[in-house]
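Since we're looking at a predicted model, the values are computed, not measured. Quick note on labels: first sequence line is chain A, next is B, and so on, each numbered from 1.
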2 protein chains.
Amino acid sequence: MAEKVTIATVARHAQVSRQTVSNVLNAPHIVREETRRRVQEAIAALGYRANQAARQMRTGRSRLLAVRIEPTRDGINGSVLDRFLHGLTETADAAGYRVLLYTARDDDHEIATYDDLLGAYDLDAFVLTGTKHGDPRTAWLAEREVPFVTFGRPWDAPEAHPWVDVDGAAGTAQATRRLLDTGHRRIAFLGWPAGSGVGDDRRAGWRTTLAAAGLDGAALDRETEDGITNGEREMRDLLAHDGPPTAVVCASDSLALGALQAVRDAATPVAVIGFDDTPVAAAVGLTSLSQPLAVAAARCVELLTDLLDGQPTDPHVLLTPTLVLRHTA
Amino acid sequence: MAEKVTIATVARHAQVSRQTVSNVLNAPHIVREETRRRVQEAIAALGYRANQAARQMRTGRSRLLAVRIEPTRDGINGSVLDRFLHGLTETADAAGYRVLLYTARDDDHEIATYDDLLGAYDLDAFVLTGTKHGDPRTAWLAEREVPFVTFGRPWDAPEAHPWVDVDGAAGTAQATRRLLDTGHRRIAFLGWPAGSGVGDDRRAGWRTTLAAAGLDGAALDRETEDGITNGEREMRDLLAHDGPPTAVVCASDSLALGALQAVRDAATPVAVIGFDDTPVAAAVGLTSLSQPLAVAAARCVELLTDLLDGQPTDPHVLLTPTLVLRHTA
DNA sequence: CCAGAAACTTTGAACGATCCAATCCTGCCG
DNA sequence: CGGCAGGATTGGATCGTTCAAAGTTTCTGG
């Protein structure tokens, strides 16, 4: 078995000192052209790779990003995280970072995990998904000046910390406009109870677009917890009342799927639009709003690397979802 | 800002030497009870955490596992990986390991990534998902004696290396038996082209169960690439021929969903059973076979830690899927 | 031809943990 | 009471890298 290749091996092979090799790696411009080439040839020839542990011990930086992987809740929206993670890993790779996973039952455990990861692994930064009002996690991290980015806006204070998000209101507005353009006038909204930033945002897009068209949807606005059965129940209820809607915009694909089942045995066809463009939507032909997850992930990594390199950038990125047209609208 | 807490800080605080602290952590039994307690109190009081980088440099072990995250293909089966990852992270955590993600376009890139991860991060082990016939990745790893486990059997040589898998044949057998029990006699199978280990396995379960009941399904066996539209086409074709099936077992939820759409406008009801119990199945009420992913992940970690600790265990684990009954069968 | 500066290169120390070998106790036995 | 065995504790060396400072060569201009 070949002995380990260290910076000293490379140095000997290239007839220079350790430090020169280190300079070639970390500050190439201060090394003479010809020397640099010789060192790089030695590196390639020996298959040398800088030992991260040793580097980390000296510099205190690990080139590691941590991301939480949550248990898929109702399952339907799970693959959103999946695609985000993939994008994150790919972009991080390109920037010379690696992605470490962690889980946590609740906020307290999550904070304990931060402490653990920072203490034991010297993590460089965190990516959080799904922030909520008054999030204790962001407060903890900010207090300790740990670099982090959230995928999801801080709804309390938009300037509080770096974030990347998808413009839900723009999405539902786009969906509503599409329905208006195709002749619909009685357009309902199936969303979550008021109070969640994401949910309120998505509802707002629908309401303002209706208002801009001189319509008032107040009677066609429903609030319910996420889930297929909830969606179906509310939609049946909407259809049972006077002046039933001819179309519905939903805050999630789960709700939309429920609506779709309620609509199946309706007298006249009803258009349905979901949110998240999950595999289920693709499977059943549901028109839905697709989040640019790969782009979002890439921007998260970009924000973090800039932050870690001390480069100032605008730390707030808002992306627009795309309406994917299928059979249902 | 508080100064960094190292093993020396703890030693000073507990009035012992560095080595004693190290012993408390790595070989508690050789330290006197009372001393051990004193050291542990100091550790707790100071919030000390062993620096992984330093430990790794000396021991050559990183307590890091690597898992590949693949781009979700047709999307429907994506969440399978998602749930597996979550289970993996949770179990690894409990065993004192962390999970590192990586991606790779193809096998060559993946092998290059192994090299990179081993060289730079001293990775302890790899978890591979989805092995295929004559996999170059497992060969590479085995040759270098890198510990790894695959989620999925090596179909060429079952004893080649440690693996965890779900018994597909047992699953489809269970599904077929269920259909037989509820009176069905003409039970079709919608699977993938022969040649893939997983696909052949799932088909075998159906065939042998039919044979055991004295039935021959040869005429009701279809092979097609995965996907909803493929499933729908094949199912329509089956229904159009003489002696159409009254039930169908599918190799995936994608195929089952296609079958479901074909069946919708059939004269008589046809039972459909899918495989993987994806969120889509739950959403549309499709009866499907559920893989015990959390258990599989846990067993993977178990196998690896045993391997790393030099403990001999039976390195081949075959788990049985569960039939989740819903509306369609 | 030499002083002085510029441009690199070399050397030694440090990061924080573990391993190794040596020393210090403590209790026990002769 | 001395000696000894055995476990508990200690100090020094070490892993591979980067930082800091000192050393060397090369080049330029007077």
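Proximity of residues 117-124 of chain A to DNA chain D (heavy atom under 4.0 angstrom from any strand atom) is not detected for any residue.
In this structure, B:Trp140 and B:Tyr114 have tilted ring planes: the angle between them lies in the 30° to 60° band.
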For nucleotides 8-12 of chain D, give me every protein contact, N/O to N/O, under 3.5 Å, one pair per line with atom names.
from   : atom 1 : to      : atom 2 : distance (Å)
D:dA8  : OP2    : B:Ile30 : O      : 3.0
D:dT9  : OP1    : B:Arg32 : NH2    : 3.4
D:dT9  : OP1    : B:Thr35 : OG1    : 2.8
D:dT10 : OP2    : B:Ser17 : N      : 2.6
D:dT10 : OP2    : B:Ser17 : OG     : 2.9
D:dT10 : OP2    : B:Thr20 : OG1    : 3.3
D:dG12 : N7     : B:Arg18 : NH2    : 3.0
D:dG12 : O6     : B:Arg18 : NH2    : 3.4

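Summarising the geometry, the separation between OH on A:Tyr48 and C1' on D:dG16 is reported as 7 Å, rounded to the nearest angstrom. The CZ-C1' distance, from A:Arg58 to D:dG16, rounds to 11 Å in whole Å. In this entry the distance linking CD of B:Gln52 with C1' of C:dT18 reads 13 Å, nearest Å. In this structure, the CE atom of A:Met57 is 17 Å from the P atom of C:dA13, given to the nearest Å. Atom pair A:Lys4:NZ and D:dC15:C1' shows a separation of 7 Å (rounding to whole Å applied). Atom CZ of B:Arg12 is separated from atom C1' of C:dG16 by 13 Å (rounded to the nearest Å). One atom, CG of A:Asn51, and another, C1' of D:dT14, lie 14 Å apart when rounded to the nearest Å. In this structure, the CD atom of A:Glu33 is 17 Å from the C1' atom of D:dT26, given to the nearest Å.
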Without placing hydrogens or testing angles, list every side-chain donor-acceptor pair under 3.5 Å for residues 52-60 of chain A, not counting sequence neighbours.
from    : atom 1 : to       : atom 2 : distance (Å)
A:Gln56 : NE2    : A:Tyr121 : O      : 3.0
A:Thr59 : OG1    : A:Arg55  : O      : 2.9
A:Thr59 : OG1    : A:Arg61  : N      : 3.2

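Scored by the side-chain hydrogen bond (donor to acceptor under 3.5 Å, both in side chains) test, A:Glu34 finds no partners at all (sequence neighbours excluded). In this view, A:Asp167 satisfies the salt bridge (Lys or Arg N to Asp or Glu O under 4.0 Å) rule with no residue, not counting sequence neighbours.
OP1 or OP2 of D:dT18 has at least one side-chain nitrogen or oxygen of A:Asn26 nearer than 4.0 Å. Between C:dT18 and B:Arg55, a contact under 4.0 Å exists linking OP1 or OP2 to a side-chain N or O.
Axis deviation across the helix from C:dC1-D:dG30 to C:dG30-D:dC1 amounts to 60°, comparing end segments of five pairs, rounded to 10 degrees.
Within the 4.5 Å cutoff, the side chain of B:His161 has no heavy atoms near those of the B:Pro315 side chain. A:Phe84 is listed as a side-chain neighbour of A:Leu88, based on a closest heavy-atom distance under 4.5 Å. In this structure, the side chains of B:Phe151 and B:Leu293 come closer than 4.5 Å at one or more pairs of heavy atoms.
Side-chain contact check for B:Thr103 and B:Glu70: no donor-acceptor pair (N or O, by modelled atom type) lies under 3.5 Å.
A cation-pi contact, defined as under 6.0 Å to the ring centre and within 45° of the axis, is absent between A:Arg68 and A:Tyr102.
Residue A:Leu117 holds its CG atom at 4.5 Å from CZ of B:Arg98, rounded to the nearest 0.5 Å.
The residue A:Ala50 sits close only to the backbone: its heavy atoms come under 4.0 Å of sugar-phosphate atoms, none of a base.
Heavy atoms only, all atoms of each residue included: B:Pro292 and B:Pro321 are closest at CD-CA, 4.1 Å.
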